[in-house]
Amino acid sequence: MSAVATRVRARAAALSLSLMLLLLAVWHVATRPEAGTATVDPAYAALVGNAAASGAKTPFPGPAEVGAQLWQHLRDPFYDRGPNDKGIGVQLGHSILRVLTGFLLAALVAIPLGFLIGMSPVVYRAFDPYIQVLKPISPLAWMPLALYTIKDANTSAIFVIFICSLWPMLVNTAFGVGSVRQDWLNVARTLEVSRLRTALQVVLPAAAPTIMTGMRISVGIAWLVIVAAEMLIGGTGIGYFVWNEWNNLSISNIICAILFIGLIGMLLDTVLARAARLVSYKD
């Protein structure tokens, strides 16, 4: 690594750290008792039937309180004391499993279908109206139908993840395959290379970066959607954890869960970003 790149990294890290310290300082000042604004109105507590609705306001936690709660979660993340008392690691594990299952099922459908659509103008024209109609539909709109037909909350959540993961991968795969340079295909045709071999040895390497971009977009959307889906289905998962802690008016736990959601999302994106760099194709 060059000296210039090292200096840039050091400056970026210093700026990032400064921004974090500034945010923590503002947060601390805003949530001091004398500030008088860091409260949750008891009317909200009444909506969830919490005891805090008796008249006293629930204070909004400061960074020290959230940090202590975060440490408690990290000390024992995998405990299981019953349906409504599971560690943050258990809840995240359920969510990650649902996301990966739905995501991989979507990949098994979207990538081969995207290849077919991208390599055939006739198939593209036939499928395009359906894609344009179904793609804008919110994934959560499918949840009632999934619950009615599948009759299982966990499988319904996986189905919703499948739906939301499908379209970015399908569209990007079709675009990547359709954008392969025509002269490469002409050379393969001249050499009488079979269509299957052309797809695997010419089209796939060329389209791989675009396909990986679609997968990266899909996993990000899937991680966003699973939180909302689990709020609807209940039971387990980080989305259910957030909603359950809101019912308990545990704002510290909600903030901790938000931090974990962001970190896991960043981790998933980083893994696929590294995979995308590995398959990047250069002329």
Side-chain angles (χ1 to χ4, degrees), residues 98-146 148-150 155-226 229 268-269 271-283:
R98 289 179 181 127
V99 165
L100 292 181
T101 302
F103 174 78
L104 292 175
L105 289 173
L108 291 175
V109 174
I111 294 176
L113 185 58
F115 254 85
L116 182 62
I117 293 172
M119 295 186 72
S120 173
V122 175
V123 177
Y124 173 81
R125 289 180 177 273
F127 274 86
D128 187 60
Y130 299 99
I131 294 173
Q132 298 307 320
V133 169
L134 296 174
K135 185 175 65 173
I137 298 174
S138 169
L140 293 178
W142 295 97
M143 181 61 81
L145 289 179
Y148 180 79
T149 55
I150 300 173
T155 308
S156 296
I158 292 172
F159 173 77
V160 169
I161 296 303
F162 169 84
I163 289 292
C164 75
S165 301
L166 183 69
W167 307 117
M169 281 190 281
L170 178 63
V171 172
N172 275 52
T173 300
F175 176 78
V177 171
S179 301
V180 175
R181 289 170 54 172
Q182 189 60 43
D183 53 347
W184 294 349
L185 300 176
N186 291 338
V187 169
R189 194 175 297 112
T190 301
L191 296 175
E192 297 183 349
V193 178
S194 67
R195 289 181 65 85
L196 178 61
R197 191 175 175 187
T198 299
L200 294 178
Q201 297 186 355
V202 178
V203 177
L204 179 59
T210 308
I211 295 172
M212 290 303 303
T213 300
M215 296 178 72
R216 188 177 175 185
I217 295 170
S218 289
V219 80
I221 295 173
W223 187 243
L224 286 172
V225 169
I226 194 60
L268 292 172
D269 183 75
V271 169
L272 284 175
R274 289 183 179 274
R277 285 197 291 271
L278 290 176
V279 302
S280 61
Y281 189 84
K282 301 184 183 298
D283 291 352

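For the single chain, residues carry numbers from 1 onward in sequence order. Because the structure is a prediction, the values reported are computed rather than measured.
For the atom pair CG (Leu113) and CG (Leu108), the distance works out to 12.5 Å, reported to the nearest 0.5 Å. Atom CG of Leu166 and atom CG of Leu134 lie 9.0 Å apart (nearest 0.5 Å). Phe159 contributes atom CZ, which lies 8.0 Å from atom CG of Leu145 (distance to the nearest 0.5 angstrom). Here the straight-line distance linking atom CG of Leu104 with atom CD1 of Ile158 works out to 11.0 Å at 0.5 Å rounding. Here the OG1-CZ distance, from Thr155 to Phe162, works out to 13.5 Å after rounding to the nearest 0.5 Å.
In plain terms, the two heavy atoms of Ala107 and Pro112 that are nearest each other are O-CD, 3.7 Å. When all heavy atoms are compared, the tightest approach of Ala157 to Met143 is CA-CE, 4.2 Å. Nearest heavy atoms, Ala141 versus Pro144: O-CD, 3.4 Å. Of all the heavy atoms in Met119 and Val177, the pair that sits closest is CG-CG1, 3.2 Å. Closest approach of Ile217 to Pro168, counting heavy atoms only: CG2-CB, 3.9 Å. The minimum heavy-atom distance between Ile150 and Ser156, with the atom names listed, is CB-OG, 4.0 Å.
Between Asp269 and Val219 the shortest side-chain heavy-atom distance does not fall below 4.5 Å. Considering only heavy atoms from C-beta on, Leu170 stays 4.5 Å or farther from Phe127 through its side chain. With a 4.5 Å cut-off on side-chain heavy atoms, Tyr124 and Ile131 do not count as touching.
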Task: Candidate pair Ile111 and Met215, rule side-chain contact (heavy atoms from CB on, under 4.5 Å), full reasoning - done: CA-CA 10 Å; Ile111 294 176; Met215 296 178 72; 4.2 Å; yes
Open item on the list: Under the criterion side-chain contact (heavy atoms from CB on, under 4.5 Å), I'd like the reasoning laid out for Ile211 against Phe115: C-alpha separation, chi angles, the key distance, then a yes or no.
Closed with: CA-CA 10 Å; Ile211 295 172; Phe115 254 85; 4.0 Å; yes
TODO: Please lay out, stage by stage, how Phe103 and Met169 fare under the test side-chain contact (heavy atoms from CB on, under 4.5 Å).
DONE: CA-CA 10 Å; Phe103 174 78; Met169 281 190 281; 4.0 Å; yes
Task: Residue pair Thr210, Thr173: steps toward the side-chain contact (heavy atoms from CB on, under 4.5 Å) verdict - done: CA-CA 7 Å; Thr210 308; Thr173 300; over 6 Å; no
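A distance-only check finds a donor-acceptor pair linking the side chain of Ser218 to the backbone of Ser165 [under 3.5 Å].
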